[in-house]
K.L.:
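If you scroll down you'll find the structure; I have some questions about it.
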Amino acid sequence: MFNRRLFLCSVLIISLFSFSATALAGQGKAQVNQFRQLYQELPTPNAYRTASGAPGPQYWQQRADYDMSVELDEKNQRIYGIETITYFNNSPDTLTYLWLQLDQNIRTKDSLSRIASSGRISHPTSFRFLERIHSGFDGGFKIEYVKDNKDRDLHYTVVDTMMRVDLPQALSPYSQYSFQIKWWYNINDKSKIGGRSGFDYYEKDGNHVFAIAQFFPRMAVYNETEGWQHKQFLGSGEFALPFGNYRVRITIPSDHILGATGTLQNPDEVLTASQQARLEDARDSTENTVFIVTEDEAVQNEAEGADKTKTWIFEAENVRDFAFASSRKFIWDAMAVKFGERTVLAMSFYTKEGNPLWEKYSTKAVAHAIKVYSKFTFDYPYSKAISVLAGRGGGMEYPMIAFNGGKTEPDGTYSEGLKYSLIGVVIHEFGHNFFPMIVNSDERQWAWMDEGLNTFVEYLAEQEWEREFEEGNGTAYSMIEYMKGDKKYMSPIMTAPDADLHVGSNAYAKTAAGLNILRETIMGRELFDFAFKEYAQRWKFKHPTPADFFRTLEDASGLDLDWFWRGWFFGTDHVDLAIDNVKWCKVNTMEPALAKAIDYEKKNRNRKHYISNIRNKKDIEKTALEKDKSLSDFYDEHDPLEVTPLDEKQYKKYLESLSEEEKQLLQAGYNYYEVSLLNNGGMVMPVILKFDYSDGSEEVKRIPAEIWRRYNDSVQKVFVTKKEVRQITLDPFLETADVDTRNNMWTLQEKPDYFKLKKFERPSEKNLMQKVKEMEEEKKKEKHDEKISLR
Ligand SMILES: [Zn+2]
């Protein structure tokens, strides 16, 4: 029973203790552990998508083939088309209707995007803003008909930017269905109405550059995660598209030069003999660009004009979209990138208004990007990659072709900023061939999966282009200002772009910076590059989801990155780690002279305080002791620092009690630094500490983020070194996006604190026999006490 009583007692003590601990915690912010696993946030793995992040054994995806004839009416800026879509239902589901995307409908007068747009009058307001409000532009698809392959009308319903086509008979699994759509629309003037595609009008010579995309009704994605992906096109969220094969006939004015997705099928009919010969030369030119159409030829061409037309025929296999650019103003150059026997042509189509910048950089930047992206993912599989000068700035990407802004000044000069933004945008828009054109993610929902991954590889390509390439998006450091921002207006990266106020900062910059932090700081280049490549290879020509990316990076690297995805992708906390305190400690060896000096110092420290040291010296003329020498005894006269034979004897005894290993530890003379760290921002990160030693040398120690796994807010760690530390700096290379570096530095105190070493032996638990014996002795004692009290 005695034993039980003791047990109860300790329970009481423990519960009292834990109660007070809970009460304390209640005063602060509740800790929702950053290291709890990501389970609720990710879909359950299944036969379509495995827990490792790879396509599963029953993975399937739909396919849509297009056979199209398109005519460009330059005079009226219109485009007409007839398309036959063959839809392959590779799903195990029976489909009673199909959904198509009518992206042009964003420009109808009553589109959801226009009606639901918000806006305010700023001071001053631009003409462009008012022009857009007043615009009477008659945009959007004019659907003339939707017919089946027996020429029978199909019932269809347009829902803003989507169209449902009802099937007369349900489309059973693993079967296909062909139908035809006839349409036309007015092409938008990009400078007035805006848009990813449209035309640029050159007033001086009265010519157009047509950059045509999202120009035909396109199949929506149907898959096992979304069903039909028919979230409306509101402007920010881009596209989700199935793969397929294309055959496209494009009729344009006969003096136009045209660049498009796919391989030109009839060069003899649309190119001159010399143009064809030059194109052949370009296929052998891996160092320099070759002109297919020179600037002089283009200038001559743009002055003439033609009434006749030509039809260019293109075929493309396994692409998710099709776009083209057409103008009589185009200069055209190309060069080759070799993958073994295979040749990829890097090409540019641009007007003289882009020179000399474009002829110098555009095609070479494409060729450079082809090589760097291939290194980090997989060999670029298509036969060509085109950069087209279209628009004032920015860029837009399609399979094998991208529209990039960047005109020079009329006198042929250009700013340094324009140079780097052109090289950057050419690399970036080419890079979209990998993400999302081939690694075909859903842009409408997850802008970061293409923009972020692409901005990250763009950063790598830019670093390989020029050592001091102007750093834009992509570094941790570049995120600091954004991450400091008001959390009220911030969304996690895992937010659909149309609902995100900061798509640029989140989808592009924060994602790219996060990947850079993973590569440089958390995973290391070797593990990261392997895992990133694995993701690209697993999902090329497939449709990955966010979970597939998160899982693959963990699966291939052997690292648990849940904390990182949670903090960086699912959260808005910023990084602000701080050094709260550093204690410098040394071992008190108990060697008498040192031990006495330490004791004396400790005692004296108390005497040094203000009252006894300064005020009393002034106010008390003489103490009793000073007046009366007879009050003095041994303690006043003896030297506290004197080492006596007794001290020596005790020290010797102490040493004898130690093992050889213990003696070594005692006398090695190490410096111990107890570093206290705070996590003020909320987002945990690896702790990178630079130690500056007093001998002038330095050392960097890297501690993984798991140091925070139990205590997310504050943690301590002891560092041991032979050298003395002068200063400690946290995140010395600014690689974690720490928003406040003022609390990242600590200068060491002058003297160390000494600590004693003692032998620590855990008292062994009493065995039952001992306890019974004790109990009996206790009883005996009680009886004895009784007897005494009876007396
Ligand atoms: Zn982009």
Side-chain angles (χ1 to χ4, degrees), residues 103 190 194-198 211 213-214 233-241 261 319-321 323 325 362 365-366 368-370 372-373 376-377 380 382 385-406 420-462 465 469-475 478-479 482 493 495-498 500 502-516 532 536 539 544 546 549:
D103 314 87
K190 283 172 78 179
R196 291 173 175 79
S197 63
Q214 288 94 242
F233 181 35
L234 295 172
S236 285
E238 294 183 304
F239 313 105
L241 297 153
T261 305
V319 289
R320 68 166 227 165
D321 201 358
S362 176
V366 173
H368 172 76
I370 290 173
V372 178
Y373 275 77
F376 284 102
T377 55
Y380 181 63
Y382 295 137
I386 303 172
S387 162
V388 179
L389 170 55
R392 295 178 187 184
M396 186 58 206
E397 69 278 5
Y398 301 95
M400 305 181 219
I401 185 167
F403 307 152
N404 300 314
Y420 287 102
S421 82
L422 176 72
I423 296 167
V425 80
V426 168
I427 293 173
H428 179 97
E429 305 308 339
F430 163 77
H432 275 304
N433 275 294
F434 291 82
F435 312 103
M437 299 304 154
I438 296 169
V439 180
N440 191 349
S441 55
D442 175 353
E443 296 178 272
R444 182 122 330 150
Q445 284 199 93
W446 311 116
W448 67 267
M449 290 192 77
D450 64 299
E451 296 301 353
L453 270 60
N454 182 34
T455 301
F456 164 70
V457 188
E458 174 200 341
Y459 171 81
L460 298 176
E462 286 166 354
W465 174 274
F469 199 97
E470 207 175 75
E471 284 184 356
N473 292 330
T475 60
S478 69
M479 287 318 298
Y482 169 67
I493 291 174
T495 304
D498 280 299
D500 191 347
H502 303 286
V503 181
S505 298
N506 270 333
Y508 293 69
K510 190 180 170 189
T511 305
L515 298 180
N516 252 319
F532 188 79
W539 290 100
F549 179 75

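Hydrogens, waters and symmetry mates play no part in the numbers below; they use all other heavy atoms, side chains included. Note that the structure is predicted; figures quoted are calculated from it, not measured. Each ligand, and each atom within it, is numbered from 1 in the order the structure gives.
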K.L.:
Which of these passes side-chain hydrogen bond (donor to acceptor under 3.5 Å, both in side chains) with Arg196: Gln214, Glu397, Glu238?
P.N.:
Glu238
K.L.:
Please name the pair of heavy atoms, one in Ala385 and one in Ile370, separated by the smallest distance, quoted to 0.1 Å.
P.N.:
CB-CD1, 4.2 Å
K.L.:
Going by side chain to side chain donor-acceptor pair (under 3.5 Å), name the residues that satisfy it together with Asp498, two or more places apart in sequence or in a different chain.
P.N.:
none
K.L.:
Which residues pass the salt bridge (charged side-chain N to carboxylate O under 4.0 Å, His left out) test with Arg320, sequence neighbours left out?
P.N.:
Glu443
K.L.:
Determine which of the N, O or S atoms in Glu451 is closest to the Zn ion (ligand 1) and give its atom name.
P.N.:
OE1
K.L.:
Kindly give the atom name of the N, O or S atom of His432 closest to the Zn ion (ligand 1).
P.N.:
NE2
K.L.:
Is Glu429 close enough to the Zn ion (ligand 1) that one of its N, O or S atoms comes in under 2.8 Å?
P.N.:
no
